[in-house]
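A short write-up of the structure that comes next.
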Amino acid sequence: GTYYENVVVNKTVSLIGESRSTTIIDGNGTGIVVYITARNVNIVRFTIQNGFDGIRLYCSEQSKVCDNFVTHNSNVGIHLYSSPSSSVYRNHISKNLEGMLIVNSSRSSVYDNNVLTNSDGVWLAGASSHCSIYGNNITDNPYGIGLQHSSDNNRIIGNTISNCSEYVIALFLCGSNMFYHNNFVNNSHCRVYFEQSFNNTWDYSYPLSGNYWSDYAGVDKNGDDIG
């Protein structure tokens, strides 16, 4: 069924819906639809829609957001704030202003999500460091992945970022991040933006290699599929 409410979770609990296609929490156009303020909370198999933020974790360490459909929220689909060591995986995040925002939430993992038709795909800010962003499909967002403000020492691995109209990767005031085995496909400009960002690495040494760029115009002299 559809439940028109804003849910606050302030104790450790697992919320598990029967099916994300039939178990729907609708914010009725206002507020945070699911607001989690306790540690070690699991939210699984819901549709979360029509709020300001879809799901916000606030000081919610070691929580899991899994197998949800998060859509039509006017600000952020999934927002982690001061929620380190949390995991966001196998979610479908679409038609929000921002897909996913991770602030001051180090050692978190974001993987196997579909992040589609938002303004921003996945954004790390506020010293979110030592995070792993891998295996995500980030498509039809003007901006793909962004890191800013001392979000250092992250690994961005094996993602597909496609159909971006602005920047596939944007880096502001951050460093020592590693990008490899990503696929950058059919992006309008296939651009990476740097601002005061240093020591970021774009390959994991031969033969593990770097990233695939669909507009790469170089030469593969030895036929190993690495330019």
Side-chain angles (χ1 to χ4, degrees), residues 2-9 20 24-37 43 46-60 63 65-83 86 88-105 108 110-128 131 133 136-149 151 154 156 159-174 187-189 191-193 195:
T2 300
Y3 305 90
Y4 294 93
E5 58 184 314
N6 300 91
V7 177
V8 177
V9 181
R20 69 182 187 183
I24 301 167
I25 306 175
D26 189 304
N28 208 24
T30 62
I32 301 166
V33 185
V34 178
Y35 189 25
I36 299 169
T37 61
I43 179 162
F46 290 90
T47 287
I48 310 293
Q49 66 183 30
N50 197 24
F52 180 69
D53 284 359
I55 301 171
R56 183 186 295 180
L57 278 61
Y58 182 83
C59 298
S60 177
S63 290
V65 180
C66 172
D67 285 326
N68 300 287
F69 191 95
V70 185
T71 187
H72 287 100
N73 298 286
S74 62
N75 190 44
V76 182
I78 298 176
H79 185 179
L80 276 60
Y81 187 91
S82 295
S83 297
S86 292
V88 180
Y89 58 101
R90 296 201 307 265
N91 300 282
H92 184 102
I93 306 160
S94 67
K95 298 180 180 178
N96 309 281
L97 180 61
E98 296 187 58
M100 194 181 309
L101 177 61
I102 300 169
V103 181
N104 191 28
S105 298
S108 291
V110 175
Y111 60 96
D112 294 345
N113 300 284
N114 287 307
V115 185
L116 314 174
T117 60
N118 310 278
S119 291
D120 294 336
V122 178
W123 207 269
L124 276 65
S128 292
C131 294
I133 313 296
N136 300 285
N137 174 32
I138 302 171
T139 298
D140 291 319
N141 311 278
Y143 296 88
I145 295 177
L147 293 86
Q148 68 180 48
H149 298 152
S151 292
N154 298 290
I156 294 85
N159 303 281
T160 295
I161 303 177
S162 61
N163 300 334
C164 293
S165 58
E166 295 297 332
Y167 298 105
V168 292
I169 302 290
L171 304 173
F172 303 86
L173 302 169
C174 62
N187 298 292
S188 295
H189 307 288
R191 295 181 297 181
V192 176
Y193 181 86
E195 182 176 319

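We use all heavy atoms of the structure for the numbers below, so side chains are in, but hydrogens, waters and symmetry mates are not. FYI, the numbering just counts along the sequence from 1.
Here the rule is side chain to side chain contact (heavy atoms under 4.5 Å, CB included) with Val70, and of Ile55, Val33, Val76, Val34 only Ile55 fits it.
The closest side-chain heavy-atom distance from Asn136 to Thr160 is not below 4.5 Å. Looking at heavy atoms from C-beta onward, Ile169 lies in side-chain contact with Leu171 at the 4.5 angstrom threshold. Here the side chains of Cys131 and Leu124 are in contact, with some heavy-atom distance below 4.5 Å. You'll find the side chain of Ile43 reaches within 4.5 Å of the side chain of Ile36, heavy atoms only. Residues Val7 and Ile32 form no side-chain contact, since every pair of their non-hydrogen atoms from C-beta on lies 4.5 Å or further apart. For the pair Asn73 and Asp53, the minimum side-chain heavy-atom distance is 4.5 Å or more. The shortest distance between side-chain heavy atoms of Ser94 and Phe69 falls below 4.5 Å. Residues Ser108 and Leu80 meet the side-chain proximity criterion, which asks for heavy atoms closer than 4.5 Å.
Salt-bridge annotation for Arg90 and Asp67: present, with a side-chain N of the basic residue lying under 4.0 Å from a carboxylate O of the acidic one.
For the pair Ser83 (side chain) and Leu57 (backbone), a donor-acceptor distance under 3.5 Å is present. Without hydrogens or angle criteria, Asn159 side chain to Ile138 main chain gives no donor-acceptor distance under 3.5 Å. The backbone N or O of Ile102 sits less than 3.5 Å from a side-chain atom of Ser128, completing a donor-acceptor pair. No donor-acceptor distance shorter than 3.5 angstrom exists from the side chain of Thr37 to the backbone of Tyr58, with no hydrogens or angles considered. Remark: side-chain polar atoms of Asn154 are paired, donor with acceptor, to backbone N or O of Ser151 under 3.5 angstrom. The backbone N or O of Ser119 lies less than 3.5 Å from no partner atom in the side chain of Asn141, so there is not a single donor-acceptor pair. A distance-only check finds a donor-acceptor pair linking the side chain of Asn68 to the backbone of Phe46 [under 3.5 Å]. A distance-only check finds no donor-acceptor pair linking the side chain of Thr139 to the backbone of Asn137 [under 3.5 Å]. Judged purely by atom type and a 3.5 angstrom limit, Thr71 has no side-chain atom pairing as donor or acceptor with the backbone of Lys95.
With sequence neighbours excluded, no residue forms a salt bridge (Lys or Arg N to Asp or Glu O under 4.0 Å) with Asp120. Shown here are the salt bridge (Lys or Arg N to Asp or Glu O under 4.0 Å) partners of Asp26, two or more places apart in sequence or in another chain: there are none. With sequence neighbours left out, the side-chain contact (heavy atoms from CB on, under 4.5 Å) criterion links Gln148 to Trp123, Ala125, Phe172.
Ser60 and Ser63 are linked by a side-chain donor-acceptor pair at a separation below 3.5 angstrom, with hydrogens and angles left out of the test.
Within the model, atoms OG1 of Thr47 and CD1 of Ile24 stand 5.0 Å from one another, a figure rounded to the nearest 0.5 Å. Atoms CG and NE2, from Asn96 and His79 in turn, are 13.0 Å apart once rounded to the nearest 0.5 Å. Residue Ile78 holds its CD1 atom at 9.0 Å from CD1 of Ile48, rounded to the nearest 0.5 Å. Rounding to the nearest 0.5 angstrom, the gap separating the OG atom in Ser74 from the CD atom in Glu98 is 11.0 Å.
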Is there a side-chain contact (heavy atoms from CB on, under 4.5 Å) between Leu97 and Asn118? Walk through the geometry before answering.
CA-CA 5 Å; Leu97 180 61; Asn118 310 278; over 6 Å; no
Val65 vs Asn91, side-chain contact (heavy atoms from CB on, under 4.5 Å): CA-CA, chis, key distance, verdict:
CA-CA 8 Å; Val65 180; Asn91 300 282; 3.9 Å; yes
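Closest non-hydrogen pair, Val168 versus Val192, comes out as CG2-CG2, 4.1 Å. Heavy-atom minimum distance, Leu116 versus His92: CD1-CE1, 3.4 Å. Nearest heavy-atom pair, Ile161 versus Asn187, reported as atom, atom and distance to 0.1 Å: O-ND2, 3.2 Å. In this structure, Asn28 and Tyr4 approach most closely via the heavy-atom pair OD1-CD2, 4.3 Å.
Counting heavy-atom neighbours within 6.0 Å of Tyr35 OH, excluding the residue itself, gives a total above 12.
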